[in-house]
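As structure tokens, the structure follows; a few thoughts come after it.
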Protein chains: 2
Amino acid sequence: MARAATTTDAFNAIAEPRRRQIIDVLARGRPHAVGELVQTLRIPQPAVSKHLGVLRKVGIVSVAKEGQHRLYRLNATELKPVHDWVKTYERYWSHQLARVKERAERKATERSSKDKPPGQKKEE
Amino acid sequence: MARAATTTDAFNAIAEPRRRQIIDVLARGRPHAVGELVQTLRIPQPAVSKHLGVLRKVGIVSVAKEGQHRLYRLNATELKPVHDWVKTYERYWSHQLARVKERAERKATERSSKDKPPGQKKEE
DNA sequence: GGATTATATTCCTATATGGGAATATGTCAA
DNA sequence: TTGACATATTCCCATATAGGAATATAATCC
């Protein structure tokens with residue numbers, strides 16, 4: 001298999017920096033037309049349309065026709081799975097204490113992998 | 001250009017479900033040898049090694065030699081940028097109020113795009 | 001030495017990407 | 001109708017992927 005499609009899920013969709021930029025712009029304020037995004041982000045129009053297509057397929061944005069414009073609207077809820085997953089690791093950097101513990105553990109690991117005599121198995 | 005390399009940053013690295021699995025396993029407990037990950041996740045050994053290679057290149061894991069084993073260790077701090085970015089959108093689903101506001105805004109958008117012209121279509 | 005175990009690397013392939021350029025579609029207005 | 005504008009789509013291409021299979025490297029033990 002090749003790499004999973006960008007439209008597979010939110011994780012793949014937000015891997016692209018420009019798509020995150022688009023999301024960021026849509027987050028502050030009302031829905032935006034494609035042209036507004038083009039102007040704001042200075043990205044060629046076809047590129048913006050394509051990126052919006054990806055985001056729409058994943059459900060991160062939705063469209064509404066307004067005359068000859070298309071208003072793209074953020075549906076941030078689709079980002080929740082990403083947040084849920086990464087939030088688990090918040091403790092690794094949020095507390096000073098955690099960071100100290102981190103370093104201590106690493107030191108211990110490096111030390112043990114240096115000291116240990118040959119032939120050694122870990123749990124499970 | 002083609003798609004950005006998986007080793008570009010944390011965003012790209014964690015797009016792969018199996019790499020997230022590896023991270024999850026490394027998170028609960030001490031460093032793991034490759035063989036342990038193979039057994040736990042039931043992923044072929046070469047695949048695990050390759051995924052670990054990506055994670056190491058991005059800095060999400062680090063290695064320590066222990067005899068003929070390599071102990072991989074999580075360095076979760078590298079996930080902070082992801083958390084920082086997605087945390088911005090937490091408000092969209094964490095508070096009931098926010099969700100209500102969301103819906104109201106969407107309705108308004110759809111309405112406005114419905115009122116103006118006769119032409120009307122639903123999202124694809 | 002040879003055998004065994006643990007891990008990494010190489011070779012292969014199908015597949016999709018993002019960008020650019022050009023073009024198509026769609027919508028308005030006169 | 002025509003023309004101007006907004007957006008989407010198509011075509012092309014260089015690039016890298018993830019997986020599988022096979023092999024290479026490395027450490028350990030006999």
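Here is how names work: the chains are called A, B, and so on, in the same order as the sequence lines, proteins then strands, and each is numbered from 1.
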Check: [Y] main-chain N/O paired with [X] side-chain donor or acceptor under 3.5 Å:
X	Y	result
B/N75	B/G59	yes
A/Y89	B/E78	no
B/Q39	B/E36	no

For the pair made of [atom1] in [X] and [atom2] in [N], what is the distance, rounded to whole Å?
X	N	atom1	atom2	result
B/L71	C/dA6	CG	P	13 Å
B/Q39	C/dA6	CD	P	9 Å
B/N12	D/dT17	CG	P	9 Å
A/E16	D/dT15	CD	C1'	14 Å
A/E66	D/dT7	CD	C1'	15 Å
A/L41	C/dG18	CG	P	16 Å
A/I43	C/dA21	CD1	C1'	17 Å
B/F11	C/dG18	CZ	P	16 Å

Side-chain N,O (A/R70) to OP1/OP2 (C/dG26) below 4.0 Å: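 For C/dG26, OP1/OP2 do not have a side-chain N/O of A/R70 under 4.0 Å.
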Phosphate OP1/OP2 of C/dG18: any A/R19 side-chain N/O under 4.0 Å: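 Result: yes.
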Whichever of A/Q68 and A/T7 has its nearest DNA chain C nucleotide further upstream toward 5':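 The residue mapped nearer the 5' terminus is A/T7.
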Candidate list A/I14, A/I60, A/T6, test side chain to side chain contact (heavy atoms under 4.5 Å, CB included), partner A/R19, passing option: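 Answer after filtering A/I14, A/I60, A/T6: A/T6.
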Aromatic plane relationship, A/F11 with A/W85 - under 30° parallel, 30 to 60° tilted, over 60° perpendicular: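 The arrangement is perpendicular - the two ring planes meet at more than 60°.
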Between CD1 on residue B/I22 and OH on residue B/Y72, distance to nearest 0.5 Å: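 Answer for the CD1-OH pair, B/I22 versus B/Y72, is 9.5 Å.
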Nearest of [options] to any side-chain atom of [X]?
X	options	value
A/H69	C/dA14, D/dT15, D/dT7	D/dT7
B/R18	D/dG20, D/dT17, D/dG19	D/dG19
A/A5	D/dA18, C/dG18, C/dT17	C/dT17

Interface residues of residues 46-56 of chain B with DNA chain D (non-hydrogen, below 4.0 angstrom):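 Heavy-atom cutoff 4.0 Å gives B/P46, B/K50, B/H51.
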Touch class at under 4.0 angstrom, heavy-atom based, for B/A33 against every strand present: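 It contacts sugar-phosphate atoms only.
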Side-chain donor/acceptor of B/Q45 to base of C/dA8, under 3.5 Å: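 In this structure, the two groups form a donor-acceptor pair.
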Distance-only side-chain donor-acceptor flag, B/S49 / B/Q45, under 3.5 Å: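 Yes - a donor-acceptor pair under 3.5 Å links their side chains.
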Residue whose closest nucleotide on DNA chain D lies nearer the 5' end, A/Y72 versus A/A2: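 Of the two residues, A/Y72 wins.
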